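Have a look at the structure below, then the notes.
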Amino acid sequence: MRTAREIQEEIEARFGFFPAFFEPAQDNPQVLENLWQQTLRAYVENSLPVLFREKLFAWLSRYCVVPYCLVCHACALRPLGMKSSQVLEFLEALPPAHGAIDEVLARMDATGKAPGDWPVPGAELEEDLFRCSVFLFVQQAQAERCRERIRRLLSPMFYGHLTAFLAYVKACHLWVEAHPELSYEADPRVRENLGPMLREEPRLGDFFARYGERVRTEREQRERELLEAAEAGQRAEALSRTLSRQAEALRESETHLRLAVESTALGTWDFNPRTGELRWDARCKALFGVPAAAEVDYATFLSGVVPEERARLDAAVGQVLGPGSDGEFREEFRIRGLLDGVERWISSRGRCFFDAQGRAKRFIGTVLDVTERRRAEDNLRFLAQASTLLATSLDYEDTLRRVATLAVPMLADWCGVDVVDERGRLHRLLNLHRDPSKLRLSEEVHRRYPIDPNATVGSPQVLRTGESLLIPEITDEGLAQYARDAEHLRMLRELGLRSYLVVALRSRERVLGALTLVRAETGRRYGQEELRLAEELARRAAVAVDNALLYSEAQKAIGLRDGFLQVAAHELRTPVTALKLNVQALVTSARREEAWSERTVARMMGLERGVGRLGVLVDELLDVSRITSGRLVLHPEELDLAGLVREVAERIHSEAERAGCTLRVLVPGPVVSRWDRLRLEQVLSNLLSNALKYGAGRPVEVALSDFGERVLLRVRDEGIGIDAAAQERIFERFERAVSDRHYGGLGMGLWITREIVTAMGGTIHVESAPKQGATFTVELPRV
Ligand code: ADP
């Protein structure tokens, strides 16, 4: 190893002086040798152009906090031909901006220069090399790209020299920073040039004095820029992440939407009101019955809608697109497949979007086939209507006619009802057709070729088996098989039958008839759905028919019973009257003659009462038949009602005594008008008898009030009373609110009373509560 002295001598020999730079290493030959060898190889023997090299050294030394390198190398520029102002300008130049690197690299790429020589001094390429070197030195982030470009442009020798030089500059900076006491003043380059340079450009002194601060600001600025750039990068990255997440979410929601659209069988449409362009998706086209490849427009849409609904729908669309619209579109309408002719119910929902001027710009929405739902609703409505209609008649034929009228045209073009009469004969009860001309023809067919009850098709079969029959398609062969001769076939063909079904009218396990439904003109074939509907209609109709039959049977039975009652009452009346007279005579004579024991007299009086009651019952029976057959005739005469009340109360006195009731009679002076005496007697004695019967042991009161135009008759007791629920009912025939075990009676008295009072133009009502007694009030007009 050489001594420090030997090395120093070599340095001096090379430079002509010993640069202050090496002074701190003077005592350490190893360090000095190392420093010198680096200087020799990377600086002294470096083949980079001297000016480029010095400028780069000077400029990069701005980043060294000790001014030694900066001042020495700036001063070295003067002998190389740079003016002081140029030096200042050069040193003040800002480092290339962060973003400038792309430009620089692009320019270097564009030169197309083959690797090798150093560029022409002062050429742009040399300047770009300078900038690249700066980047390589100070901008770690860009270093790699710069290194790669420099390597491509320069020969390995120049590349090696340049990178070694940069490393050397860095090492120098570290060295002088480690020895801040180093002074440039002793350096001959400085001594020779600094003075003149400062004179030429005094601001240079200023620059040297403050460059540290300047570079720090520069650096801070650069760092800020970098930070901002990094932040912007992060933001951009975050944004792009968000965007990609959103795009993903959008893709996902699109998939969901598509799935939803697919699973709900929604079709979609998109209409541009400005251009008139209409787009339908495949499902929408399928619903409207147009081929998937077909072009459509608004006219296509309208022509798909059934004619009856077109105007309404066109107006609805116009309204949604028009001014003041809320953009909501929601319609349900019927369409007929443009090519397949199939009718469907469509539910469409849409939204119209408007521009800033309020003009419609886009109208999009969906369509859904709701035929099933509508049919189900129609069917329900139809059945509900049927039930209402069927409930309104108790006439058997009328009920069936109602069924047929309902079925045509809703369910059929033609409807027939066949029944089996009491003697087991089949006959057609009804024939209904939506086209009257066809009705004549069908009746003609029926007349000439009556239904064969033994036929193995149609209604005879259904009547026999009770099973429904569905022929979705009536073929010509089918008709030919069924026809009995050529003329029959011709007529059947003329009827244009297409599809038919027969269902049994069955109630309580009895087949009452068969309902035949036929479709001709409307073209729709019957299917299972129609069959089920027809069966339900038949079931309801059969119940109604059965009710009508039961009703008419009941009516017949009631008629028979009333007839019997009338005859019986009539026949009973004569012997009962005779019996009554004889008993009365016997009682009178027994009382008078005193020959009879008291016991016998008492028994005879009991007999008299019994016969009396029998007479009342027979009279009631007679009245029932009279009233039901409308033969209640009044015989008005002038009478004093007050007197009549007293009379009846008097007559009933002994009965009241037996019942343990005190009878109070509250009547004003005479209340005279024209009334039927016997019937009013009957009303009074009915009400009083009931009061004694149901109010036994408690007082009973009868009161008469005169209000001029009308009079009020009140009978009040304090007996068992009547439940509110029964108060209306007890005025009906045979209605009672007590059990037969406790109280005898037929439940006719109040009914007859009400009929009489009503016939007199009056009313009767009761006020009562259980165990609170009852007050019956009769209001009669004065005639
Ligand atoms: P009947 O007395 O023969 O049963 P009515 O037609 O006279 O027939 O009366 C009908 C029903 O009204 C009676 O069964 C009874 O339940 C009720 N009713 C009538 N009058 C009274 C009354 N004063 N108090 C309580 N219930 C009465």
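First listed ligand is number 1; within each ligand, the first listed atom is number 1. Bear in mind that the values here come from a model prediction, so they are computed numbers and not experimental data.
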Where's the contact between Lys693 and ligand 1, heavy-atom distance under 4.0 Å: side chain, backbone, both or neither?
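For Lys693, the contact with ligand 1 is made by the side chain alone.
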Relative to ligand 1, is Val738 under 4.0 angstrom through side chain, backbone, both or neither, heavy atoms considered?
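Looking at Val738 and ligand 1, atoms from backbone and side chain both fall under 4.0 Å.
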With the threshold set at under 4.0 angstrom, would you say [X] reaches ligand 1 through any of its heavy atoms?
X	value
Gly719	no
Phe776	yes
Gly695	no

With a 6.0 Å cut-off (strictly less than), is the heavy-atom count around CZ of Arg658, excluding the residue itself, greater than 12?
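Yes, CZ of Arg658 has more than 12 neighbouring heavy atoms, counting only those of other groups under 6.0 Å.
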Give a yes or no on whether Arg714 atom CZ has more than 12 heavy-atom contacts from other residues, nucleotides or ligands under 6.0 Å away.
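12 or below, so no.
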Please determine, by modelled atom types, if [X] and [Y] share a side-chain donor-acceptor pair under 3.5 angstrom.
X	Y	answer
Asn431	Trp414	yes
Arg540	Ser387	yes
Gln682	Arg679	yes

Any N/O pair [X]/ligand 1 closer than 3.5 Å:
X	answer
Asn690	yes
Gly747	yes
Ile722	no

Closest candidate by heavy atom, reference atom 23 (N) of ligand 1, pool Ile730, Asp717, Asp740, Leu750:
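The option holding the nearest heavy atom is Asp717.
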Cation-pi geometry met for Arg710 and Phe707 (6.0 Å, 45°)
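Yes - Arg710 lies over the ring of Phe707, closer than 6.0 Å to its centre and within 45° of its axis.
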